[in-house]
Amino acid sequence: MNAKAFILFLLLPVTSWAQGYAGLGSSAAGFDRPVTGYEFQFPRDHGPHPAYRIEWWYLTANLTGADGLEYGIQWTLFRSALKPFESDGWQSPQIWMGHAALTTPETHHFAERLSRGGIGQAGVTAQPFNAWIDEWKMQGDIADTLSLTANGQTFGYDLTLQAQGPLVFHGDAGYSVKSADGQASYYYSQPFYSVDGTLHLPDREVAVTGQGWLDREWSSQPLAEDQSGWDWFSLSFDSGDKLMAFRLRGARGDFTAATWISADGQTESLPDGTLILTPLETEHVAQRDVPVEWNVQLPDRGIDLDVAALNSEAWMGTRFEYWEGPITFTGSHTGRGYLEMTGY
Amino acid sequence: MTGPAIQALLSHWRTHPLQLVTLLTGIALATCLWSAVQAINAEARASYARASAQLATGQLDELRNPGGYITLEQYAELRLAGWQVAAVLEGPLRVGNRRVRLMGVDMLAYPALPAITEIEQGTSPPDPSEVLTAPGRLLMSPDLVHLFLSADRFPPVIESTALPPDLVLTDIGVAERLLNRSGQISRLVILPQQPRALPPLASIAPGLQRIAPSAQMDTAQLTDSFHLNLTAFGLLSFAVGLFIVHGTVGLAFAQRRGMIRTLRALGLPLRRLVWLILGELLSIALIGGLLGLALGYILAAALLPDVAATLRGLYGAPIDGQMSLRPQWIAAGLAMTLFGTLAASGHALWRLSRMPILAGPGLQAWGSQNSARLTGVIGLGLIAAGIVLSFSAKGLLAGFGLLAGLLTGAALTLPFLLSTILNLFARQARSPVSQWIWADMRAQLPGLSLALMALLLALATNIGVGTMVSSFRLTFTGWLDQRLTSELYVTAKDDAQAAQITAWLSPQVSAVLPIRSTELAHETGPLFLYGIIDDDTYRQHWPLIAQGPDVWNHVLQRGAVLINEQLARRADLWPGDTMTITPGHTLPIAGVYSDYGNPTGQAIVAMPMLEEITPGTATRRFGIRITPERASDLAQSLRDQFDLPPAAVVHQAAMKAQSLAIFEKTFVVTSALNVLTLGVAGFAILTSLLTLWTQRLPQVAPVWALGLTRAQLARFELVRSVLLAALTACLALPLGLVLAWVLLTVVNVQAFGWRLPMHLFPGDWLVLLLLTLLAAFLAASLPAWRLLRLPPAALLRVFADER
Amino acid sequence: MLLSIDHVRKSYPGGRPVLNDVSLTLDQGQTLALTGESGSGKSTLLHLTAALDGFDAGEITLDGRPLSPLDDTGRSALRRDCLALIFQQFNLIPSLTVAQNLSIHARLANRSDPGWLTHLTERLGLTDLQDRYPESLSGGQQQRVAIGRAMAMRPKLLLADEPTGNLDETASAVVLDLMLSLVVDTGAALLLVTHSHEIAARLDRHAHLSGGQIV
Ligand SMILES: Nc1ncnc2c1ncn2[C@@H]1O[C@H](COP(=O)(O)OP(=O)(O)OP(=O)(O)O)[C@@H](O)[C@H]1O
Ligand SMILES: [Mg+2]
């Protein structure tokens, strides 16, 4: 779960009004709240939900180049509502933010875009599916084929994604609890994309293939007040199984959750306490110590993994800073995936 | 050896304190006026630079639509193609009876502004949703806040000290609502960081023009001519002040000649002596300069509010009336003083260094008739050079070149002209006494010529500038009468209310003239396009200065356009030409009208044409034609009926008074400098006469011995001074008129964009002449009084001392 | 030998030669009177000796230093340190007080001697006039100040050009007596230009200038 997006939007106005949002973490007045038993409707729910405070379309992919090197890309569109509705024109209360990154074993590139709704510069439509900010686009059909593009000053990518399995719902049929107090979000994924296309690096173009993972999540208040940061894993086993696992670090204790996704798309939600995450090695990145090697255990399933970053410098120096990058793992199983860490 | 030499040199000032005061005053006056003007200019330029920084303007390339505004669709298209651009919508906003500039920027994309940072770090920063969504927030400097608090149709206000005066900053979403320009964008700022693989602009936004910062019309450029104007004035005053310095230093050196010979005979080497005197001069210059800087600072602080008002009124320049003391200004002012003092005393110093120790046969202080002829020739050369320059060069500098050539050239020919005139008189003279007077005046001429030159310059400037200002005032008042023909002017809250007001008024008044305008970006700079309806008011009163046949029918029925004089001169467009208002609208020009008081281009088309060019332009202002007696009653019932604030219904008279007030402010500085220059020139005459006085006795004594009483001599002394001043004033008149002509037809056209008819004001000249005579009389009365009180023994001693 | 004038010639631009092969010597402590008709070139010779003006030919040697190779600085140094001048027109500095005028030459030469100055002032009868300005003094008083200014720096050579020319007889006598006694006391040499044979007779030697030559 990309809970960091929530903080991102808390801090989005850092650019303009630092403390403006400080109090908003604790109240969601006027905004809808996720409830249990929600029935998802597609394609409608691929589109935006302006009545919820925050929402994102979050895609990561592990790629292998024709040159034999490992790569990772990130494409994210965040929506943050200042008020629980959408309107036309500059005064639309819907704010959109895009993050794109391209990670190689040696380098990490990233870019950021900001816009508001109502003026056509950014937004999401469900039918046909199109999520865009400026010239960055994710469009097509989430359940079938998507084209994905983004550019920074010196990098970019053009990729095609092909869904190879069903949508996957986290928590209780898509109702994903985020704290012991019951904060929750709607959360589903499409973790079964096969990917091919081209990466544009400053010095070269690389043809790549690989696998992608799309997260869709919206909520109005997914964090508890004491929670300060999180570690989130999306792991694709060579066997075809997948695991989504996260830990929210809180003053009152950590809260963990995970979803086991078997290769055919069957899911099992693993409750708080099942997942054991242990940082093994930290690296000094962007003036702080960030754990870039982990041990991930699900004792019930005999899973014991040693996870390492492809490039420990995968720091996102955006308005709200965080670490996000491709990983590989060995141990009881092997495979690759994406790791996101905030609050360090 | 140095100590006693300095003591001896300085002892001169102890016995001639008045001379020292004169010298210091001359230096201080020169420095004061010059540095005051510099301080004002520096302050203004700093304000512009600060405003640029505060608004992040003038640093990045911009996109504009030469035909008008940029649409939201065009913006989105650029964005969707990857172009990182930030939208800005700006326009004038009327609050009460004040006009401010509203600048709406896309707060999410626009470069970080100091005002935002300031508010961010303030005690109670606003919630972003308050700023980005309705009603939004208005950011402004504290002195504007009260205006907006009392008006009710505005969003809440946030104070910021990091914004230029008369500017309101807000999010673009708020701006388009307040300006009623929904979906319009004035310009797009191209942000510094652009992504890879950008498609060329031409393929995304073919209609838009990319403008580099250097080509953007900024305040500094707009006001350049105004500042050059001030600088020229400062320089003139500086020159006049230096005349005083020159005269006084010359005198002081002449008087110290004996001392200097003695010191050298006592073994003080010449080189040491020259260094010491140089040091002395520089010290005096430094003291005088510091004094002048202090005075200049006070003067500048006193004048700045008016200058600021002018610049704001005329150019919308972001400047307030606050002075600050800048070290560079002090350094530059002192450097100028030192340089000026050295230049003014260079001649005296040079002569000193060549002076033999032994007194030779009498050396005259100033040149003879021959040298008068030589300077006359140089003067004619300078006049010719000025004229040549004005033909070969372009722009304001050419105008000032011509002025400089004319003024200095005329000043240099003055001694020759005067001596020729005196010769003529002398030839007519019959009695020996009158012959002596004429001859004596001629003999005095070389000593007085510098002061008379200063007087000539000051008088000519006074006549020239006075004629210009008065011509302008006359023309301007006449123009106001033509232009402000409606009896009442009404501003409605919004379009809906405007429609109601029109409907309500129509049956009661002779005509309701909507005032509808839009701001377009034109290749010549911003262009305000007005729409008019067919009404006799325009046909009869509109101040046309050039027109084609059947001008009004062309405009009202055949889609022609009227343009203002500024635009006509800038773009050299006249009736018969065509003008491209927007890419789709190239209209024939039917006429040109005079338009004083703003530097921007303006054009007038028929209302349907305006609607075609920029659909949906708001009409919130009207002129109302009605019999003048009913105007007041109607104004009151309008206010009552529509609940309008008092400022929303304005009488013609009030409007005129307001316009005239702005006009007067425009020239307040010019007039102040003018008067000061004249004062300095008067002072120069006084010092020259006092200087001559010391050399006067040997010339007067023989005449006294021949039987003229001291009272007679004193009277002649006065007559001589007044007569020379009168002659100079007579010569100054034609020069002043030429100056006025150049100011009106060259400088004004360049600086403001309009050419004014020249009017003559003989009454003013008479007053000036009387003032001059009075000054000359006063200046001569001290020496005359001294002569009257002179003991005969002093006159006798002349014979004894004569060698 | 303090001063030697050796075959000196001098003519002013556009005029006949004023001095035509003049030679003269003066020893330390010696006094010499120079007489001659008006316009005979006495003042000219004195000015040449004082290094105030240049000459066309010959050489003047003062205190062992030939004058012709000296530039303005060298000549100034010589005037400052070695010789003193007394003119017919006194040539006091009008804006300095009597006391300041008295001391100025000595101070320029960096040779102030307050005791000697006080003595001089008393001897010249100027004690009560010290704070006055020259313009308020009589001619005789002014010339006494000039003598005091010259003697205050203890010159090796005193040059005087008709110092009593502007004074009446009694004043002349007083001034001359004072000057001569001071010259004797300080051991200075004196070159005195005068019209008066009476005065000339009181000096050690006498030279007469005529036709541009010493006769
Ligand atoms: N600066 C000068 N330029 C040209 N001629 C001069 C100059 N000074 C002196 N003379 C001429 O040189 C001649 C000698 O003059 P000088 O003053 O030496 O005479 P003097 O013997 O001192 O006369 P007096 O007894 O009248 O003082 C005179 O003919 C005089 O005209
Ligand atoms: Mg003589």
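Chain naming here is simple, since letters A, B, ... match the order of the sequence lines and numbering starts at 1 in each. Since the structure is predicted, the reported quantities are computational estimates derived from the model, not experimental observations. As a basis for the values below, the full set of heavy atoms in this structure was taken, side chains included, without hydrogen atoms, waters or symmetry mates.
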Test log, rule side-chain contact (heavy atoms from CB on, under 4.5 Å), inputs B:Ile185 and A:Trp90
CA-CA 11 Å; B:Ile185 294 167; A:Trp90 291 104; 4.0 Å; yes
Counting heavy-atom pairs under 4.5 angstrom with chain A, the leader among B:Glu73, B:Arg196, B:Arg177 is B:Arg196
B:Leu108 and A:Arg319 have their tightest heavy-atom pair at O-NH2, 4.4 Å
Grab the two heavy atoms, one from A:Arg116 and one from B:Met107, that are nearest each other, plus how far apart they are.
NH2-N, 3.6 Å
Pick one of side chain, backbone, both or neither for A:Ser87, based on which atoms fall under 4.5 Å of a heavy atom in chain B.
neither
Non-hydrogen side-chain atoms of A:Ile119 and B:Arg79 separated by less than 4.5 Å:
no
To check you understand the geometry: which heavy-atom pair defines the closest contact between B:Pro195 and A:Asn151, and what is its length?
CB-CB, 4.0 Å
Please evaluate residues B:Ser129 and A:Lys83 with respect to the criterion side chain to side chain donor-acceptor pair (under 3.5 Å), reporting the C-alpha separation (whole Å), side-chain torsions for both, the decisive distance (0.1 Å), and the verdict.
CA-CA 8 Å; B:Ser129 69; A:Lys83 290 176 181 165; 5.4 Å; no
Does the side chain of B:Leu80 reach to within under 4.5 Å of the side chain of A:Glu135, using non-hydrogen atoms?
no
Is B:Asp171 close to chain A through its backbone or its side chain, or both, or neither, when contacts mean heavy atoms under 4.5 Å?
side chain
If you count heavy atoms of other groups shown closer than 6.0 angstrom to CG of A:Asp88, is the number above 12?
no
What's the shortest heavy-atom distance between B:Gln194 and A:Gln153, and which atoms?
O-CG, 3.2 Å
Could you check which of B:Val174, B:Leu113, B:Leu78, B:Thr133 has the highest count of heavy-atom pairs closer than 4.5 Å to chain A?
B:Thr133
Is it the side chain or the backbone of B:Ala134 that comes within 4.5 Å of chain A heavy atoms, both, or neither?
both
So, the part of B:Glu176 with a heavy atom under 4.5 Å from chain A: the answer is side chain
Do B:Leu132 and A:Gln91 have side-chain heavy atoms sitting under 4.5 Å apart?
no
